[in-house]
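Starting from 1, each residue takes its place in the sequence as its number. Quantities reported herein were computed from a predicted structural model and do not represent experimental measurements.
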Amino acid sequence: MKRSCILVTALILSLILLTACGKTTPLLTATDYELNLTTHTTSRDVAVGDNAETFLNAYDGYKIFTSVDGGDYQVLAPQEIPFDAQITLLLPTFFIDGLPTDLDLFCEENEIEKTELTALFTSDEFLNSHTVVYYYLLFTWKDGAITDIRSEYMDYNEDAAYYQKTSKARLRDSLALPRELG
């Protein structure tokens, strides 16, 4: 249930806050979500035990969603992230047809509202001609150090039928069925 809440919150924040007032935020690529399960190291050489400086050297330019003490995710400026607290940091990206996608630009190009994205990404019509995968890196912190790193994803082409059968309330509660990436 906690994982579902994380994913629902992240998706909502991703949809609402993907870009800020004309500022272009870079997107992570598929290789950025690769995690060495033996060393628990990301493709950007961030590992369990690392500190804020190492993390920010790798991910400072990206939109970082922050949850403090299990609370709601919010986007904080890097200097505002309380790295010494018990926090979870989330770095999400939607990939459409294998490419990282800026959802604001996608909505603009397709003349749709962000509120319509979930319905679009789970529709048979869209999924018959496109692939949609939601990737995210999840960093757990305690006392200024990373204690866990997970790389997970939800493939809408495989799992969309599940969401089409659920009510909107249940959809919000169970938006993703994450899988660990190796």
**Q.** Verdict with supporting geometry, Phe139 and Phe55, ring-ring contact (aromatic ring centres under 6.0 Å, His included)
**A.** CA-CA 10 Å; Phe139 297 85; Phe55 177 83; 4.9 Å; yes

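The OG1 atom of Thr42 lies 9.5 Å from the CG atom of Leu91; values are rounded to the nearest 0.5 Å. Summarising the geometry, atom CG belonging to Asp60 is positioned 11.5 Å from atom CD belonging to Glu53; distances are rounded to the nearest 0.5 Å. Taking CG from Leu117 and CD from Glu113, the interatomic distance works out to 9.5 Å, rounded to the nearest 0.5 Å. In this structure, Ile149 CD1 and Thr41 OG1 are separated by 6.5 Å, a value rounded to the nearest 0.5 Å. If you take NZ on Lys114 and CG on Leu120, they are separated by 14.5 Å, rounding to the nearest 0.5 Å. Atom NE2 of residue His40 and atom CG of residue Asp148 lie 4.5 Å apart, to the nearest 0.5 angstrom.
Judged by distance alone, with hydrogens and angles left aside, the side-chain atoms of Asn51 form no donor-acceptor pair with the main-chain N or O of Ala145 at under 3.5 Å. A donor-acceptor distance shorter than 3.5 angstrom exists from the side chain of Thr131 to the backbone of Asp97, with no hydrogens or angles considered. The main-chain N or O of Ser43 is never found under 3.5 Å from a side-chain atom of Asn36 such that the two would form a donor-acceptor pair. A donor-acceptor contact shorter than 3.5 Å links the side chain of Asp102 to the backbone of Asp104.
One hydrophobic cluster, built from ILVMFWY side chains closer than 4.5 Å, holds both Val46 and Leu37. Transitive grouping of hydrophobic side chains (ILVMFWY, heavy atoms separated by less than 4.5 Å) keeps Phe126 and Leu99 in distinct clusters. Hydrophobic clustering, with ILVMFWY side chains joined whenever heavy atoms are under 4.5 angstrom apart, keeps Tyr62 apart from Leu105.
The local environment of CD in Glu80 is crowded, with over 12 non-hydrogen atoms from other residues, nucleotides or ligands closer than 6.0 Å. No more than 12 heavy atoms of other residues, nucleotides or ligands lie within 6.0 Å of CD in Glu125, so this atom counts as exposed by the packing criterion.
The shortest side-chain heavy-atom distance between Leu90 and Ser67 does not fall under the 4.5 Å cut-off. Proximity of Phe83 to Leu89: side-chain heavy atoms (C-beta onward) are separated by under 4.5 Å at one or more points. The shortest side-chain heavy-atom distance between Glu116 and Asn110 does not fall under the 4.5 Å cut-off.
Residue Tyr73 comes nearest to Thr88 through the heavy atom pair OH-CG2, 3.1 Å, listed as atom of the first residue, atom of the second, then distance. Tyr33 approaches Pro92 most closely through the heavy-atom pair OH-C, 3.2 Å. Among all heavy-atom pairs drawn from Thr101 and Leu27, the shortest one is C-CD1, 3.5 Å. Contact detail for Leu35 and Ser151: the closest heavy-atom pair is CD2-N, 3.8 Å. Among all heavy-atom pairs drawn from Asp45 and Thr54, the shortest one is O-CG2, 4.2 Å. Between Val48 and Thr147, the closest heavy-atom pair is CG1-O, 3.7 Å.
For Phe94 and Phe106, the gap between ring centers reaches or exceeds 6.0 Å.
Residues meeting the side chain to side chain donor-acceptor pair (under 3.5 Å) test with Asp50, sequence neighbours left out: none.
For the residue pair Asp32 / Thr29, a side-chain donor-acceptor distance below 3.5 Å is found, with atom types taken as modelled.
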